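We number each residue from 1, following the sequence as shown. Start at 1 and go down the list; that is how both ligands and their atoms are numbered. These numbers were taken from a predicted model, which means no experiment stands behind them.
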Amino acid sequence: MDQEFLPFTRPTINEETIAGVADVLRSGWITTGAQNLAFEAALSEYVGGRPVRTFSSGTATLEIGLRIAGVGPGDEVITSPLSWVATSNTILEVGATPVFVDIDPRTRNLDLNLLEQAIAPRTKALMPVYLAGLPVDMDRLYAIARQHGLRVIEDAAQALGSSWRGQRIGAIGDLVSFSFHANKNLTSIEGGALVLNDEAEACLAQKYRLQGVTRSGFDGMEVDVLGGKFNLSDVAARVGLGQMPHLARFNEQRRELARHYFECFANSAAVALGVELPPDDFEHTNWHMFQIVLPLPTLKLDRAGFMAELHARGIGSGAHYPAIHLFKLYRERGFTLNKFPHAERIGASILTLPLFPAMRLADVKRVVTAVNEICEHSSLTH
Ligand SMILES: *Cc1c(COP(=O)(O)O)cnc(C)c1O
């Protein structure tokens with residue numbers, strides 16, 4: 001019999017939040033205001049009291065992080081080719097040049113040895129990406145940054161609730177950027193937040209967020225930097241605020257589901273046929289995604305075909321992400337194939353399986369059974 005379609009992700013929004021949004025809509029003030037201040041305060045508390053400012057998206061947050069770090073034309077920023085294209089687009093957006101280095105195929109994050117080798121006179125900042133919520137080795141990253149006098153803008157879009165050696169991502173480090181896009185572990189529908197070092201930086205972030213405006217007293221408006229329009233509405237902030245008390249439970253549920261994936265994949269046909277599992281790092285990640293890598297050379301299907309087979313069994317999946325340097329915009333800027341072999345192989349064969357707080361353990365079993373079946377049916381070696 002037909003089962004209900006299982007998407008690869010789905011937000012959990014409770015009735016208290018929905019009622020809270022209705023209150024904001026009725027309040028007479030629906031754009032940036034009290035709800036944003038409350039959301040920023042809650043986020044700041046979550047990251048150990050560091051200053052936090054919200055923005056309209058994770059992309060806007062990254063871009064403003066780059067501006068605050070003083071990155072602009074002529075500068076290079078080292079980043080990962082295996083990310084959502086927003087990461088390097090923001091580097092181009094501020095007039096700088098993204099410098100990609102290959103990933104470590106085990107963590108699927110920037111290889112820090114290659115990162116260190118890529119540091120050059122024009123390098124201004126590092127932008128590591130925490131794919132699926134798994135941070136890089138933060139001790140090593142910041143040792144490199146300090147040694148070379150570089151700023152760090154962490155693309156922690158996926159890593160709210162992740163940690164490094166017992167400290168939350170955002171509670172340590174330089175500039176840390178989160179996204180609250182609908183698919184992230186905590187959502188404000190769209191939105192993002194930047195963790196900053198001090199109030200002076202937070203003040204500048206606020207100016208970049210809204211037309212460069214500063215206010216001082218009655219009628220004392222001044223504009224002294226070129227800012228944009230990147231503020232978050234109070235309706236969106238209320239959604240994010242409504243999720244904050246549940247974040248720990250959401251992430252615990254993700255963790256339990258991820259554990260069950262490992263149990264179900266142990267001794268499975270899929271693994272025997274070459275499917276690669278994610279690193280089983282239960283200490284540091286928030287399990288934003290559970291991603292396998294398909295052994296495409298030994299399958300009769302490509303990734304799209306594999307996803308179609310899952311879909312036919314009522315299961316959603318995702319491809320996060322194709323290697324960025326192979327997109328037309330980047331090829332036109334001189335990036336070519338065979339530059340970053342791990343990012344290219346994994347970008348072409350990585351598959352995001354369903355994982356979200358409201359999912360049940362039985363759903364995990366169902367997904368793994370389907371993956372096994374498709375691998376067996378499509379294997380060239382079986
Ligand atoms: C989601 C995401 C972004 C961008 O966030 P938006 O809120 O969608 O603008 C940037 N980088 C990574 C790694 C992401 O996952």
Side-chain angles (χ1 to χ4, degrees), residues 8-11 36 39 43 52-67 77-94 98 100 103 107-110 125-136 141 152-162 169-170 173 175-195 205 208-209 228-233 235-237 239-240 243 251 254 278 285-291 318-325 327 329-330 343 346-347 350-352 355-356:
F8 78 83
T9 189
R10 192 169 65 204
N36 265 276
F39 190 28
L43 288 163
V52 174
R53 290 298 180 272
T54 55
F55 299 92
S56 50
S57 71
T59 306
T61 308
L62 282 174
E63 187 180 322
I64 288 165
L66 285 162
R67 290 193 193 282
V77 180
I78 304 176
T79 191
S80 172
L82 192 74
S83 181
W84 175 226
V85 68
T87 309
S88 52
N89 278 356
T90 62
I91 298 169
L92 292 175
E93 197 63 52
V94 301
F100 296 115
I103 56 164
T107 63
R108 304 161 182 175
N109 281 331
L110 274 179
L126 308 174
M127 189 181 272
V129 179
Y130 307 150
L131 192 71
L134 182 69
V136 298
L141 173 76
V152 179
I153 303 102
E154 299 179 31
D155 185 350
Q158 305 182 359
L160 191 67
S162 297
I169 296 303
L175 298 164
V176 185
S177 173
F178 295 109
S179 164
F180 308 128
H181 173 267
N183 289 352
K184 301 302 195 310
N185 289 30
L186 180 137
T187 185
S188 62
I189 309 174
E190 299 285 356
L194 188 64
V195 184
Y208 283 133
R209 181 169 75 180
K229 184 70 166 73
F230 300 118
N231 57 307
L232 188 70
S233 82
V235 174
V239 174
Q243 297 227 311
N251 285 351
R254 287 175 178 276
T285 185
N286 63 358
W287 292 106
H288 173 59
M289 296 189 278
F290 191 95
Q291 299 180 287
H320 306 102
Y321 299 96
I324 293 174
H325 64 289
F327 288 130
L329 177 76
Y330 288 85
I346 292 178
I350 197 164
L351 187 72
T352 305
L355 181 64
F356 53 90

Does ligand 1 have a heavy atom under 4.0 Å from the side chain of [X], from its backbone, from both, or from neither?
| X | answer |
| --- | --- |
| Asp155 | side chain |
| Ser57 | both |
| Tyr130 | neither |

Shortest protein contact, [atom] (heavy atom only):
| atom | result |
| --- | --- |
| atom 14 (C) of ligand 1 | Ala157 CB, 3.3 Å |
| atom 5 (O) of ligand 1 | Ser179 OG, 3.2 Å |
| atom 3 (C) of ligand 1 | Trp84 CD1, 3.6 Å |

Can you list the ligand 1 atoms lying under 4.0 Å from a non-hydrogen atom of [X]?
| X | answer |
| --- | --- |
| Thr87 | 11 (N) |
| Lys184 | 1 (C), 2 (C), 14 (C), 15 (O) |
| Tyr321 | 15 (O) |
| Gly58 | 5 (O), 6 (P), 7 (O), 9 (O) |
| Gly191 | 7 (O) |
| Gln158 | 13 (C), 14 (C), 15 (O) |
| Ser83 | 13 (C) |
| Thr59 | 4 (C), 5 (O), 6 (P), 9 (O) |

_Hydrogens and angles aside, do Ser162 and Tyr130 bring a side-chain donor and acceptor to less than 3.5 Å of each other?_
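Ser162 vs Tyr130: no donor-acceptor pair found between side chains.
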
*Have Thr9 and Asn183 got a donor and an acceptor in their side chains that come within less than 3.5 Å?*
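No, because no side-chain N or O of Thr9 sits under 3.5 Å from a partner of the opposite role on Asn183.
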
*For ligand 1, is there an atom lying under 4.0 Å from some heavy atom of Phe55?*
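Judged by the 4.0 Å heavy-atom criterion, Phe55 does not count as contacting ligand 1.
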
